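These notes are about the structure you will find just below.
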Amino acid sequence: MRTPCSFSGETLTQHSLSTVEFGVKKFFETQSAYPLLAAEKLTNYYGLEKPIRSERLTQTCIAACYLHDAGKAANIYQVQFNDGCSFKVNPTFTLHEILSGFIVYNYLEKAMGEEDQSNRTLRILTTLAVLNHMHAIRPYTNAHAVMSKVVYTLKKFIYKYDTRGDPLGFSLADYNEYIDNAPPQIDKKILATCLEKPIKLCELSRFLEEMDRETSRPNKLYTLLLAPIIIGDNLAASQRQEGEDNRKWFKQELKELINL
């Protein structure tokens with residue numbers, strides 16, 4: 001099987017590594033105070049007894065940037081591509097961030113180990129950041145409304161494409177290369193356990209209900225973890241030739257932010 005695709009002529013691995021490169025490595029290198037200030041802000045705001053260290057925040061941002069599009073690996077999206085990541089039809093990844101958020105949530109739960117207040121806070125905020133990295137395009141209302149849209153969208157995909165025997169298209173396409181090339185800060189064995197099984201609708205429903213409860217609390221500081229994803233994702237996408245780009249000036253500002 002071929003590696004999952006992120007866009008025409010681009011693998012998911014390529015896009016994810018570029019997102020980490022721009023969103024964490026170059027961003028934190030240029031704005032060196034950011035991880036320290038963000039970690040201190042989260043520690044103080046949530047009154048955490050065990051402070052979040054800047055190194056831990058950086059490691060978590062790397063995982064968020066690399067996994068922010070992991071849901072694109074689902075068969076229901078990958079059947080749109082031929083070998084070499086050329087697409088059969090104009091590709092769409094509608095609601096892939098729901099699957100990505102679910103994967104990130106489970107990965108961090110296993111990778112962080114002991115479930116103390118600091119770890120749980122960082123895991124929830126990181127998951128919210130991944131869930132909301134497409135927010136400007138797809139604003140969410142509540143878990144039930146989002147879940148209804150997920151089911152409706154998937155049914156349309158199922159009728160349109162051959163999902164290779166997966167009833168809901170939630171089995172992930174061959175992800176070995178994606179795991180093998182993950183940054184060293186990511187535990188590859190744990191990541192493999194998060195990608196090896198199809199995601200069930202009942203699991204997604206419970207996940208969205210929990211996230212719905214979390215968004216009703218004062219958790220807006222997830223934006224501190226969202227910033228690296230937005231910077232990395234947009235600048236990684238800017239490397240592609242996509243014709244007219246309505247985000248040209250926004251991307252230019254991001255380039256100036258990291259001195260590109």
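Nothing here was measured: the structure is a model prediction, and the numbers come from that model.
- Between the side chain of S100 and the backbone N or O of H68 there is at least one donor-acceptor pair closer than 3.5 Å.
- The shortest side-chain heavy-atom distance between F81 and S86 does not fall under the 4.5 Å cut-off.
- A side-chain donor-acceptor contact under 3.5 Å links N234 to the backbone of I230.
- Other residues, nucleotides and ligands contribute over 12 non-hydrogen atoms within 6.0 Å of the NZ atom of K110.
- Nearest heavy-atom pair, S18 versus A236, reported as atom, atom and distance to 0.1 Å: CB-CB, 3.6 Å.
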Identify all side-chain donor-acceptor contacts of residues 253-260 below 3.5 Å with residues at least two apart in sequence or on another chain.
none

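- Under a 3.5 Å cut-off, the side chain of S205 and the backbone N or O of C202 do not form any donor-acceptor pair.
- Looking only at side-chain heavy atoms (C-beta outward), T121 and L48 come within less than 4.5 Å of each other.
- Note on residues 29-39: no pairs pass side-chain hydrogen bond (donor to acceptor under 3.5 Å, both in side chains), not counting sequence neighbours.
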Trace of the side chain to side chain contact (heavy atoms under 4.5 Å, CB included) decision for Y105 with M211: CA-CA 10 Å; Y105 180 83; M211 291 301 104; 3.8 Å; yes

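- In this structure, R123 pairs ionically with E115, as a charged nitrogen and a carboxylate oxygen lie closer than 4.0 Å.
- Considering every non-hydrogen atom in both Y107 and D187, the closest pair reads OH-N, 2.9 Å.
- Placement of L42 and L36 in two distinct hydrophobic clusters is found when ILVMFWY residues are connected by side-chain heavy-atom separations under 4.5 Å, directly or transitively.
- Surrounding NZ of K41 are at most 12 heavy atoms belonging to other residues, nucleotides or ligands under 6.0 Å away.
- Listed here is the closest heavy atom pair of A70 and I103: CB-CD1, 3.9 Å.
- Using modelled atom types, no side-chain atom of E214 and backbone atom of N219 make a donor-acceptor pair closer than 3.5 Å.
- Under the 4.5 Å side-chain heavy-atom criterion for Ile, Leu, Val, Met, Phe, Trp and Tyr, L225 and L37 are members of distinct hydrophobic clusters.
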Side chain to side chain contact (heavy atoms under 4.5 Å, CB included) evaluation trace for F93 with I76: CA-CA 9 Å; F93 295 100; I76 204 153; over 6 Å; no

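- For the pair L95 and Y77, the tightest heavy-atom approach, listed with the atom from each and the gap, is C-OH, 3.5 Å.
- The shortest side-chain heavy-atom distance between T127 and F207 falls under the 4.5 Å cut-off.
- For the pair F7/C85, no side-chain contact is recorded, criterion being any heavy-atom separation below 4.5 Å from C-beta on.
- Among all heavy-atom pairs drawn from Y222 and L125, the shortest one is CB-O, 3.4 Å.
- In this structure, K72 does not pair ionically with E97, as no charged nitrogen and carboxylate oxygen lie closer than 4.0 Å.
- By the 4.5 Å heavy-atom criterion applied to side chains, H15 and D233 are counted as neighbours.
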Check against side chain to side chain contact (heavy atoms under 4.5 Å, CB included), I52 and L122: CA-CA 8 Å; I52 296 173; L122 196 54; 4.2 Å; yes

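- Considering all non-hydrogen atoms of both residues, C61 and F28 come closest at SG-CZ, 4.1 Å.
- The hydrophobic clustering, which links ILVMFWY residues whose side-chain heavy atoms are closer than 4.5 Å, places Y46 and I124 together.
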Check against salt bridge (charged side-chain N to carboxylate O under 4.0 Å, His left out), R120 and E210: CA-CA 13 Å; R120 186 180 187 280; E210 179 171 354; 3.6 Å; yes

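- A donor-acceptor contact shorter than 3.5 Å links the side chain of Q80 to the backbone of T92.
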Working for side chain to side chain contact (heavy atoms under 4.5 Å, CB included), residues L17 and Y66: CA-CA 6 Å; L17 288 173; Y66 192 73; 3.7 Å; yes

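- Looking at heavy atoms from C-beta onward, F102 lies in side-chain contact with N106 at the 4.5 angstrom threshold.
- Considering only heavy atoms from C-beta on, M112 comes within 4.5 Å of R56 through its side chain.
- Taking the side chain as every heavy atom from C-beta outward, H133 and D69 approach each other to under 4.5 Å.
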